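Quick caveat, the model's predicted, so the values are computed rather than measured. Just so we're on the same page: letters track the sequence lines, and every chain starts at 1.
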Amino acid sequence: MKILVGYKRVVDYNVRVQVKPDGSGVATDGVKLSANPFDDIALEEALRLREKGVAEEIVIVGIGPADLTAHLRNGLAMGANRAIHVTTDGAPQPLTAARTFLKLIEKESPDLVILGKQAIDDDANQTGQMLAALWGRPQATFASELAIADGKATVTREVDAGLETIEAELPAVVTTDLRLNEPRFIKLPDIMKAKSKPIDVIEFDSLGVDSGDHLKTTNYAPPPKRSKGEMVEDAAGLVAALKQKGLL
Amino acid sequence: MSKILVIAEHLDGTLNGATARVVSAASAVGAEAIDVLVLGDAPDAVAAEAAKIEGVSRVLTVTRAENAHMLAATAAPQIAKAAEGYSHVFGPSTTTGKDLMPRVAALLGVAQVSDVMTVESSHVFTRPIYAGNAIVTVEAPADQTVVATIRSASWKAAASGDSAAPVEALELDAELPTHTRFVQLKQDKSDRPDLQSAPRVISGGRGVGSKENFDVIYKLADKMNAAVGASRAAVDAGYVPNDMQVGQTGKIIAPELYMAFGISGAIQHLTGIKDAGTIVAINKDADAPIFEIADIGLVGDLFKIIPEIEAALG
């Protein structure tokens, strides 16, 4: 079985992103970049399937500028067999990303595609669902458990009401939630090994993808600030403050 | 003029409260018609409920056995068909809406605007990115259907009136795939108020320390008639089930009163509570980031403070 994993690079989750004063974007110069946490979980799940003997090959996919190579090397060091780097100038919107993945699926014919449920930069939560629609295949989003057997995936999903289990015939798209697994740390010898693993570089324009970047972002603003409130000394003071606000 | 199709969310024959919030957002667009679409195997009760929401022009029902459980793979082709003639298709930013709506958008070949906070005009919206650390204004093309999910915490529910909009059955000629099957839904049945709509929420974090210790949180919540939430740390540690998680990737809520016990306040958690009316933080650590946004803060041991609060409540 072959697994395709989306491996996006984003601003590290510990960074408190600041909006530029002129509202033209967020300040990303010199900010630490890391793998999207949900994508690390996606890759980890694929690695575990390979370790169980369910999968043989894991291909990670990155879409982005030329300097994405180092990021993809990290994914290879974590254990992916090879990488595909689709080179673009900027970050494509989810519909374009989904169409790009579809082109790669046509080339690679994977049995399973695992993506993060959302990237923590645009928080869109769309690409996996869009890809499944375009591919005409099942989607199992927000996965917290994944089992593969008899040509199907049985997926437990984290939903508002609790935990939902669905069955999806392969090939299918699975998107990861936080509790699917805990990704491994990269070890030094693996970084050395990763240097000899192949990265296919494909120019975005050569794929013939019809751009789906339909949304225009016209302004960036900082969120409305909540001002620091009052500190109370004890429970009695707390209850009094709540009563004063009419909340009790 | 805009014509908006709102996708109703429902479970066990009851309309989810998020639907009335989506209707509010649709009203803000200034539409000539707002129709609510109910997919179900027996949608009549839900449709009757939806028909009472103020601002709704019509309720459309699609009755099919495949709609017994909402699956994106089978619901999306029906919605894409039903969307013909509409300028906008709106759904809630619940897990169901987030699963479903991008699949609809892709079938229509259009982009999706996720988590709409405000409507600036029929095709201009604001939405959060970077866990709410930035709010962007996005413009959708005027010549395409606008598919969007509506961030529930940003919108008040449209009121339910006495009059009812007409309910019409819709026959859709949509071929549905059989590659995806519902197996089961495990719900934690609780008599407590619903986390996403309760006016009061009491939350616990890592500082609560164990599953057993969480009883003090439940007890206070019951005394205050509040829903119970939790931080990611508390869910990860197994103190409480996943459906109680509040934050960027959990539930985004806007209660009148939010009380956080033993929650340090990672940005991912704060993004889930920013719209709360009053935030109260109780934490041992005076430097915990949650105090930066709390309206009322109290430094101390939650196990000592909770009984004192209960005593003061009488």
Side-chain angles (χ1 to χ4, degrees), chain A residues 11 16-17 19 26 93-95 98 120-126 129-130 132-134 137-139 141-142 144 154 158-169 177-179 212 214-223 226 228-232 234-236 238-239 241-242 245 247-248, chain B residues 11 71-73 76 94-96 98-99 102-103 105-107 110-114 128-141 144 179-188 232 236 241-243 249 251 256-257 267 274 278 280 292-298 305 308-309 312-313:
Chain A
V11 172
R16 196 181 281 243
V17 168
V19 173
V26 296
Q93 291 175 18
L95 182 59
I120 61 163
D121 48 7
D122 63 13
D123 282 332
N125 195 334
Q126 298 175 8
Q129 296 88 314
M130 287 182 160
L134 300 175
R137 296 304 308 165
Q139 68 188 49
T141 54
F142 324 147
S144 65
T154 303
E158 295 207 1
V159 295
D160 290 339
L163 293 169
E164 183 190 66
T165 306
I166 62 171
E167 267 178 15
E169 288 170 16
D177 216 318
L178 290 169
R179 278 169 284 276
H214 299 307
L215 299 181
K216 204 163 77 185
T217 300
T218 54
N219 187 49
Y220 291 74
R226 286 191 81 104
K228 201 176 153 76
E230 54 170 324
M231 297 300 288
V232 293
D234 50 25
L238 172 59
V239 171
L242 289 176
K245 284 177 180 277
L247 290 164
L248 287 177
Chain B
L11 184 64
L71 285 171
T94 54
T95 49
T96 305
K98 287 174 177 174
D99 184 44
R103 193 160 181 128
L107 291 178
V110 302
Q112 175 183 291
V113 183
S114 296
I129 59 170
Y130 290 104
N133 280 313
I135 312 297
V136 288
T137 306
V138 293
E139 192 178 333
Q144 292 182 356
H179 51 47
T180 312
R181 288 174 291 275
F182 172 85
V183 178
Q184 63 166 354
L185 174 63
K186 261 199 246 173
Q187 295 186 74
D188 279 293
R232 177 189 169 188
D236 282 355
N242 68 285
D243 52 10
T249 67
K251 292 190 167 103
E256 287 163 28
L257 174 63
I267 46 175
K274 270 181 187 164
T278 298
V280 176
E292 284 169 34
I293 66 148
D295 300 288
I296 304 170
L298 174 52
I305 289 168
E308 289 172 4
I309 295 173
L313 290 172

In this structure, NE2 of A:His214 is separated from CD of B:Gln144 (nearest 0.5 Å) by 4.0 Å
Discussion item. Check this for me, if you would: do A:Glu164 and B:Lys186 make a salt bridge, where the nitrogen-to-carboxylate-oxygen distance has to be below 4.0 angstrom?
Written reply: no
Pair count under 4.5 Å, heavy atoms only, with chain B: among A:Leu178, A:Thr165, A:Asp234, highest is A:Thr165
- Hey, is B:Asp295 close enough to A:Arg226 for a salt bridge, meaning N to O under 4.0 Å? yes
When the 4.5 angstrom heavy-atom criterion is applied to A:Val239 and chain B, the contacting part is side chain
The interface call for B:Lys98 against chain A, heavy-atom contacts under 4.5 Å, is both
State, yes or no, whether a side-chain contact exists between B:Asn133 and A:Arg16 at a heavy-atom distance under 4.5 Å.
yes
If one checks every heavy atom of A:Leu95 against chain B at 4.5 Å, the contacting part turns out to be side chain
Bottom line for B:Ala76: the part with an atom under 4.5 Å from chain A's heavy atoms is neither
Ranking A:Ala168, A:Ala236, A:Ala124 by heavy-atom pairs under 4.5 Å to chain B gives rank one to A:Ala124
**Chi angles and distances behind the side-chain contact (heavy atoms from CB on, under 4.5 Å) call for B:Arg103, A:Met130** = CA-CA 5 Å; B:Arg103 193 160 181 128; A:Met130 287 182 160; over 6 Å; no
Heavy-atom closest pair (A:Pro138 atom, A:Ala132 atom, distance to 0.1 Å) is O-CB, 3.8 Å
Per-residue tally against chain A (heavy atom, under 4.5 Å) across B:Arg181, B:His179, B:Lys274 peaks at B:His179
* Decide whether A:Gln139 and A:Thr141 meet the rule of one side-chain donor and one side-chain acceptor closer than 3.5 Å. => no
Cut-off 4.5 Å, heavy atoms of chain A, and the answer for B:Leu298 is both
Turns out that what part of A:Phe142 lies under 4.5 Å from chain B's heavy atoms comes down to side chain
Cut-off 4.5 Å, heavy atoms of chain A, and the answer for B:Val110 is backbone
Applying a strict 4.5 Å limit to non-hydrogen atoms, the region of A:Val19 in contact with chain B is side chain
Looking only at B:Thr249, B:Ile305, B:Leu257, B:Ile293, most heavy-atom pairs under 4.5 Å shared with chain A are made by B:Thr249
*asked:* A side-chain contact here means heavy atoms from C-beta on lying under 4.5 Å apart; do B:Ile129 and A:Tyr220 qualify?
replied: yes
Okay, B:Ile309 and chain A: the region with an atom under 4.5 Å from a heavy atom over there is both
Interatomic distance, CG@A:Asp123 vs OG@B:Ser114, rounded to 0.5 Å, equals 9.0 Å
Whatever's closer than 4.5 Å to a heavy atom in chain B on A:Ala161 counts as both
Most contact-rich option vs chain B, by heavy-atom pairs under 4.5 angstrom, among A:Val11, A:Thr154, A:Leu248, A:Asp177, is A:Leu248
Turns out that what part of A:Pro223 lies under 4.5 Å from chain B's heavy atoms comes down to both
The interface call for A:Val26 against chain B, heavy-atom contacts under 4.5 Å, is side chain
Max heavy-atom pairs within cutoff under 4.5 Å with chain B, candidates A:Asp121, A:Leu134, A:Asp122, goes to A:Asp121
Separation between CG (B:Asp99) and CD (A:Gln126), nearest 0.5 Å, reads 12.5 Å
Most heavy-atom pairs under 4.5 Å with chain A, out of B:Pro241, B:Pro141, B:Ala73, belong to B:Pro141
**Asked** Heavy atoms, side chains only, cut-off 4.5 Å: are A:Ser144 and B:Asn242 in contact?
**Response** no
Note: vs chain A, highest number of non-hydrogen pairs under 4.5 angstrom among B:Leu313, B:Thr278, B:Leu71 is B:Thr278
Is the shortest side-chain heavy-atom distance between A:Leu215 and B:Glu139 below 4.5 Å?
no
With a 4.5 Å limit on heavy-atom distance, are the side chains of A:Val159 and B:Leu185 in contact?
yes
Given B:Lys251, B:Glu292, B:Gln184, the one with more heavy-atom pairs under 4.5 angstrom with chain A than any other is B:Gln184
